[in-house]
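Here's the structure, in structure tokens; my notes come after.
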Amino acid sequence: VNRGDRTPRGRAELDGTRNVLFDLDGCLWFGSRLAPGSAELVAYLRGSGIGVFFLTNASGAGSTELAVRLSRLGLPASPAEVVSPLTVLPRHPLFQRSRRVLTLGKPALADLLRAAGHVPVEEATEAEVVVVGNDIGLRFGDFSGALAALDAGAELLALNLDARVPVEDGGFICGTGAIVAAIRSGSGAVPQVVGKPSPVFFRTALETFGIPADGTVMVGDTPETDVAGGRAAGLKTVLVGRRSSGPRPDLGVPDLPTLLELFKQARGVVAV
Ligand SMILES: [Mg+2]
């Protein structure tokens with residue numbers, strides 16, 4: 001019997017992995033529930049000496065809050081191991097000097113920018129940058145204000161462009177991308193994006209984690225963000241789930257338990 005015949009396809013794509021970046025929504029968790037097999041996979045990788053980090057487009061929480069949430073759900077994490085758009089926002093090229101900013105998002109968004117030396121404004125037409133995140137408290141007037149700011153020359157910056165956020169039981173909630181699409185429709189403004197697939201986001205994440213692109217694998221459920229952005233940053237990419245459209249990953253798996261089995265068979269992964 002040729003044992004090679006029974007080797008699951010894709011093993012070679014994981015050979016020599018030193019670090020893994022995990023997407024959160026729709027990958028490691030769905031709303032308030034961990035995806036099946038996520039704790040086992042993360043524990044196996046860490047036990048094998050692989051660096052495990054978390055790279056999410058979640059627009060409503062920073063590294064500290066996300067690390068607490070991960071830890072409570074059973075995936076121990078420190079803030080230094082988590083990067084989200086709020087983490088990277090103050091370092092975005094649009095914020096290299098002090099800016100007057102109109103924010104559509106949770107109060108933490110304006111607080112973060114104020115702490116970084118920028119000036120949240122109430123009068124929309126005074127804004128130089130309109131920053132958009134997810135916020136169930138958004139009102140009609142917020143959209144009108146954004147249009148007024150953009151008409152007056154402000155730049156449009158989205159924390160992400162994800163149209164939906166997957167939650168429990170196959171459901172979803174409206175994502176930042178759908179909010180941005182409404183603003184774009186009303187203004188004609190073309191948004192820049194802070195999170196995945198932005199090259200700035202991946203570059204900042206690798207710097208923050210102190211790891212190289214070589215030997216690093218991005219694992220996520222969205223071809224347009226996790227795969228496209230990861231590949232552009234020089235990472236190997238793994239797509240979890242059964243999406244058939246969009247950029248093709250180096251490796252596709254139906255679920256995390258399958259990915260765990262493939263890691264167990266990869267060369268150069270298990271620490272001696
Ligand atoms: Mg995702």
Side-chain angles (χ1 to χ4, degrees), residues 23-26 55-62 83-110 112-113 116 118-121 123-166 172-205 220 222-233 246-247:
D23 171 48
L24 296 181
D25 290 301
L55 189 61
T56 176
N57 264 359
S59 70
V83 162
S84 77
L86 285 184
T87 319
V88 175
L89 181 63
R91 285 184 270 178
H92 190 275
L94 279 179
F95 287 113
Q96 294 200 335
R97 64 177 173 82
S98 179
R99 296 285 202 167
R100 295 186 304 278
V101 58
L102 183 70
T103 60
L104 279 71
K106 293 177 180 169
L109 177 56
L112 174 83
L113 287 166
H118 306 288
V119 184
V121 296
E123 187 61 46
T125 54
E126 293 178 357
E128 299 168 279
V129 183
V130 176
V131 182
V132 183
N134 222 351
D135 178 11
I136 60 170
L138 280 180
R139 299 175 65 89
F140 188 79
D142 295 317
F143 287 88
S144 297
L147 302 194
L150 295 164
D151 262 15
E155 305 258 17
L156 177 58
L157 184 60
L159 291 183
N160 68 60
L161 293 175
D162 302 354
R164 301 175 169 203
V165 180
F172 61 88
I173 59 172
C174 177
T176 302
I179 297 167
V180 173
I183 294 168
R184 184 172 183 173
S185 173
S187 66
V190 176
Q192 297 186 50
V193 61
V194 178
K196 295 174 282 187
S198 158
V200 173
F201 191 65
F202 279 90
R203 191 163 60 240
T204 305
T222 307
E224 293 77 10
T225 55
D226 301 309
V227 174
R231 178 191 294 160

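The first residue of the sequence shown is numbered 1, and numbering continues consecutively from there.
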What distance separates Leu112 CG from Lys106 NZ, expressed to the nearest 0.5 Å?
14.0 Å
Distance from Leu157 atom CG to Thr103 atom OG1, nearest 0.5 Å?
12.0 Å
Check: residues 133-153 side-chain donor-acceptor pairs under 3.5 Å, at least two apart:
{"residue": "Asn134", "atom": "ND2", "partner": "Cys174", "partner atom": "O", "Å": "3.0"}
{"residue": "Asp135", "atom": "OD1", "partner": "Gly137", "partner atom": "N", "Å": "2.8"}
{"residue": "Asp142", "atom": "OD2", "partner": "Arg139", "partner atom": "N", "Å": "2.8"}

Ala110 to Pro120 - nearest heavy-atom pair and separation
O-CG, 3.7 Å
Identify all side-chain donor-acceptor contacts of residues 194-201 below 3.5 Å with residues at least two apart in sequence or on another chain.
{"residue": "Lys196", "atom": "NZ", "partner": "Asp23", "partner atom": "OD1", "Å": "2.8"}
{"residue": "Lys196", "atom": "NZ", "partner": "Leu55", "partner atom": "O", "Å": "2.8"}
{"residue": "Lys196", "atom": "NZ", "partner": "Asp226", "partner atom": "OD1", "Å": "2.8"}
{"residue": "Ser198", "atom": "OG", "partner": "Val200", "partner atom": "N", "Å": "3.2"}
{"residue": "Ser198", "atom": "OG", "partner": "Phe201", "partner atom": "N", "Å": "3.4"}

Over all heavy atoms of both residues, which pair between Ala127 and Ala154 is shortest? Give the atoms and the distance, please.
O-CB, 3.5 Å
Taking all non-hydrogen atoms of both residues into account, name the closest pair between Phe202 and Ala233 and its distance.
CB-CB, 3.6 Å
Do you know the tightest heavy-atom contact between Glu224 and Pro247?
N-CD, 4.2 Å
With a 4.5 Å cut-off on side-chain heavy atoms, are Thr225 and Asp162 touching?
yes
Decide if atom CZ of Arg164 counts as having more than 12 heavy atoms of other residues, nucleotides or ligands within a radius under 6.0 Å.
no
Less than 4.0 angstrom from a charged side-chain N to a carboxylate O is my criterion; do Arg99 and Glu128 meet it?
yes
Among Ile183, Leu159, Leu161, whose side-chain contact (heavy atoms from CB on, under 4.5 Å) with Pro191 holds?
Leu161
Side chain to side chain contact (heavy atoms under 4.5 Å, CB included), that's the test. Do Val88 and Val83 meet it? Break it down for me.
CA-CA 7 Å; Val88 175; Val83 162; 3.6 Å; yes
Testing the basics here: between Ser59 and Asn160, what is the closest heavy-atom pair and its distance to 0.1 Å?
CB-ND2, 3.8 Å
Looking only at heavy atoms, which two atoms of Ala178 and Ala163 are closest? And how far apart?
CB-O, 3.7 Å
